[in-house]
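Scroll down for the structure; my scribbles are underneath it.
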Amino acid sequence: MKLYKIAKGILLEHEGAAYIIDDSWDKLVNRDNLAAYLQAVIDDTTPLTAGVYQEFTNGQVLPPIGTQEVWAAGVTYLKSRDARMEESESSGGATLYDKVYDAPRPELFFKSMPYRVSGHGGEVYIRKDSEWNVPEPELTLYINSKGNIQGYTIGNDMSSRSIEGENALYLPQAKIYEKSAAIGPCLYVTDAPLPADSAIKLLIKRDGAAVYHDETTIARIKRSFTELAGYLYAECDFPQGCYLMTGTCLVPPPTFTLQIGDEVYISIDHIGTMINTIGINSKHN
Ligand code: DO4
Ligand code: MG
């Protein structure tokens, strides 16, 4: 089941039919057994006709988020560990990544307030003071206030490799700025864990042509999703639940940096594809 946030409310899509849900995002998603609740809504609701459906969405979706914070896990895949060890070699920080990959405690960091988050079809920004920038395609969990995973979405943890590589203590500046996070296009709700062989793909286009593409599966993650959620909720309360990006599994080669106008396509099996265009904060233009 897929939940879309649209300008006119919330749209639930399941087996080719669509339903409008009259509720607030926070109230709707923050429950145990969300999948069972949505199934009951379907059983009780008349689906939209195709024309009405088109009229409701107008082809546009908002980020599937209410008032939740967005957090992120790091160095959860070997690919991320290795790329970061390389980029931080001259700063002497390489060993930090090695250690955190193997440590019992994961790297978790605050990523975004909801008002800084972009959605499918929107822009994500690169920083003016950063010369080396990449998208980070990440399976993103929606965890309810009790700490239970209720759904999955696609995340982009935009990152400045030059700023993080200069000094690991600059991580918040490398990671947190306007439109440095995107989630979308929907929240995929299921009562079963996402299959481990689910593919995650990254495609970057420049002037319509592919300049990078690669894919892997979420099975390559070092830690379980419940382990990441457990550490995040250990000493923090999230009254409306929380989104947790689970770390990047794909890193473009060191010669690659994003340019304004690039299009970033991130696809995850069962969820869909999120497309974002690279921009820059207009106050710098
Ligand atoms: O250690 C810095 C951030 C790591 C990260 O964002 C990732 O592995 O996805
Ligand atoms: Mg990341």
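Note that ligands are numbered from 1 as they come in the structure, with each ligand's atoms numbered from 1 the same way. Position 1 is the first residue of the sequence, and the numbers go up from there.
The hydrophobic clustering, which links ILVMFWY residues whose side-chain heavy atoms are closer than 4.5 Å, places Ile149 and Tyr231 together. Linking ILVMFWY side-chain heavy atoms closer than 4.5 Å, directly or via other members, places Leu250 and Ile221 in a single hydrophobic cluster. Residue Tyr19 is not grouped with residue Leu48 when hydrophobic side chains (ILVMFWY) are merged at heavy-atom distances under 4.5 angstrom, including chains of intermediate members.
Taking both residues in full, the closest heavy atoms of Thr45 and Ile20 are given as CG2-O, 4.4 Å, listed atom of the first, atom of the second, then distance. Smallest separation of non-hydrogen atoms from Lys5 and Ile65: NZ-O, 2.6 Å.
Considering backbone and side-chain N/O of Ser159, none are found under 3.5 Å from N/O of ligand 1. Below 3.5 Å of separation, one finds no N or O of Gly74 facing any N or O of ligand 1. When only interatomic distances are considered, the shortest N/O to N/O separation between Glu136 and ligand 1 falls below 3.5 Å. Considering backbone and side-chain atoms alike, Thr76 places every N or O at 3.5 Å or more from each N or O of ligand 1.
A salt bridge links Asp32 with Lys146: the distance from a Lys NZ or Arg NE/NH1/NH2 to an Asp or Glu carboxylate oxygen falls below 4.0 Å. Residues Asp214 and Lys201 are not paired through a salt bridge, judged by the lack of any N-O separation under 4.0 Å between the basic side chain and the carboxylate. Classification of Arg161 and Glu136 as a salt-bridged pair fails, no side-chain N sitting under 4.0 Å from a carboxylate O.
Relative orientation of the Phe110 and Trp71 rings is perpendicular, given thresholds of 30° and 60° on the angle between their planes.
At least one heavy atom of Gly247 lies less than 4.0 angstrom from ligand 1. Under a 4.0 angstrom heavy-atom cut-off, Glu138 registers as being in contact with ligand 1. Distances shorter than 4.0 angstrom do not occur between any heavy atom of Tyr77 and any atom of ligand 1.
In Glu136, the N, O or S atom that comes nearest to the Mg ion (ligand 2) is OE1.
In this structure, the separation between NZ on Lys111 and CG on Asp157 is 4.0 Å, given to the nearest 0.5 Å.
Glu107 OE1, 2.7 Å is the protein heavy atom nearest to atom 1 (O) of ligand 1. The protein heavy atom nearest to atom 6 (O) of ligand 1 is Lys175 NZ, 2.7 Å. The single protein non-hydrogen atom nearest to atom 8 (O) of ligand 1 is Ser80 OG, 2.6 Å, given as residue, atom name and distance. For atom 9 (O) of ligand 1, the closest heavy atom belonging to the protein is Thr248 N, 2.8 Å. What sits closest to atom 2 (C) of ligand 1 on the protein, heavy atoms only, is Glu164 OE2, 3.1 Å.
The atoms of ligand 1 that sit less than 4.0 Å from any heavy atom of Val75 are 1 (O), 4 (C), 7 (C), 8 (O). In the vicinity of Asp157, heavy-atom distances shorter than 4.0 Å reach the ligand 1 atoms 6 (O). Listed by atom number, the atoms of ligand 1 under 4.0 Å from Phe109 heavy atoms are 3 (C), 6 (O). Numbered from 1 in the order shown, with element, the atoms of ligand 1 that lie under 4.0 Å from a heavy atom of Leu171 read 2 (C), 3 (C).
When ring centroids are compared, Tyr142 and Tyr152 stay outside the 6.0 Å threshold.
Among Met245, Arg81, Met158, Arg84, the residue whose heavy atom lies nearest to atom 7 (C) of ligand 1 is Arg84.
Put simply, the side chain of Leu3 does not reach to within 4.5 Å of the side chain of Leu11, judged on heavy atoms.
The Mg ion (ligand 2) lies at the vertex of an angle of 100° between the OD2 atom of Asp157 and the OE2 atom of Glu138 (rounded to 10°).
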